[in-house]
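All heavy atoms count here, side chains included; hydrogens, waters and symmetry mates do not.
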Amino acid sequence: MNDFALLLLRIVAGLGLASHGYNAIVNGGVEAIEGFAGFLGSLGFPAPMAFAWIAKGTELVGGVCVAVGLLTRPAALLCAATMFIAMLTAHLGDPFEKWELALLYFAAMAVIAMSGSGRYSVDAKRNA
């Protein structure tokens, strides 16, 4: 049952997070990334354009990797770090309703990073 629980968590959290990266990179295009970079710049991030691409790329690629269970632990760790940074910077001082989604993604990705992908994953098939 634990492997099925990890599968469910990986799919929901992975694809949910991937959709945020997809919407910014594919649907929003360069304008969305530039807008996000401007926001990051206003927070004092150095090289905000690079950080914007890294964050949204991590959401998209990392989320998909987590969902299918490919390189699960490192992908989930990168996603968790991205969400942790979002909580501490972009949402610092916001009411709970503004940063709870980042907290949920952080918690899910941290659990997956600690637990691994489980039996129903590409990682498990590669290691079999």
Nearest-0.5 Å distance, CG of residue Leu104 to CE of residue Met83: 11.5 Å
Gly14 versus Val66, closest heavy-atom pair with distance: CA-CG1, 4.2 Å
Is the CZ atom of Phe45 crowded by more than 12 outside heavy atoms at less than 6.0 Å? yes
So, do Lys125 and Leu70 sit near enough that their side-chain heavy atoms are less than 4.5 Å apart? no
Inter-residue atom distance Thr58.OG1 - Trp53.CH2, 0.5 Å rounding: 12.5 Å
Do Leu9 and Phe106 belong to the same hydrophobic cluster, where Ile, Leu, Val, Met, Phe, Trp and Tyr are linked whenever their side-chain heavy atoms lie under 4.5 Å apart, directly or via other members? yes
Residue set satisfying side-chain contact (heavy atoms from CB on, under 4.5 Å) with Phe39, at least two apart, ordered chain then number -> Phe36, Ser42, Leu43, Ala90
Are any non-hydrogen side-chain atoms of His91 and Glu100 less than 4.5 angstrom apart? no
Quick one: closest heavy-atom pair of Ala32 and Ala24, and the distance? CB-O, 3.5 Å
Looking only at heavy atoms, the pair that brings Ala124 and Ser121 closest together is N-OG, 3.1 Å
Beyond-backbone contact of Tyr105 with Glu59, side-chain heavy atoms, under 4.5 angstrom: no
For Phe96 and Leu103: C-alpha separation, side-chain torsions, deciding distance, then whether side chain to side chain contact (heavy atoms under 4.5 Å, CB included) applies. CA-CA 9 Å; Phe96 181 70; Leu103 174 63; 3.9 Å; yes
Can you tell me if Arg10 uses its side chain to pair, donor with acceptor, with the backbone of Tyr120 under 3.5 Å? yes
Are Leu60 and Leu77 co-members of a hydrophobic cluster defined by side-chain heavy atoms under 4.5 Å apart? no
Any pair with a residue in residues 74-84 that passes salt bridge (charged side-chain N to carboxylate O under 4.0 Å, His left out), sequence neighbours left out, goes on the list, sorted by first then second residue, please. none
Of the non-hydrogen atoms in Cys65 and Ala75, which two are nearest, and what is the gap between them? CB-CB, 3.8 Å
Count the heavy atoms belonging to other residues, nucleotides or ligands that lie under 6.0 Å from CG of Asn27, then report whether that count exceeds 12. yes
Would you say Phe51 and Met87 are hydrophobically clustered, going by side-chain heavy atoms of ILVMFWY under 4.5 Å? no
Give a yes or no on whether Phe84 and Leu101 share a hydrophobic cluster (residues Ile, Leu, Val, Met, Phe, Trp, Tyr; joining criterion: side-chain heavy atoms under 4.5 Å apart). yes
For Pro48 and Gly41, which heavy atoms make the closest approach, and how far apart are they? CB-N, 3.6 Å
If you measure from CG on Leu6 to OG on Ser115, what distance do you get to the nearest 0.5 Å? 5.0 Å
For a 4.5 angstrom cut-off between non-hydrogen side-chain atoms, does Met109 reach Thr82? no
Working to the nearest 0.5 Å, report the span between CG of Leu7 and CZ of Arg119. 11.0 Å
Measure across Ala76 and Ile112 and return the closest heavy-atom pair with its distance rounded to 0.1 Å. CB-CG2, 3.8 Å
Could you check whether any side-chain N or O of Asp123 sits under 3.5 Å from a backbone N or O of Thr72, counting only pairs where one atom can act as donor and the other as acceptor? yes
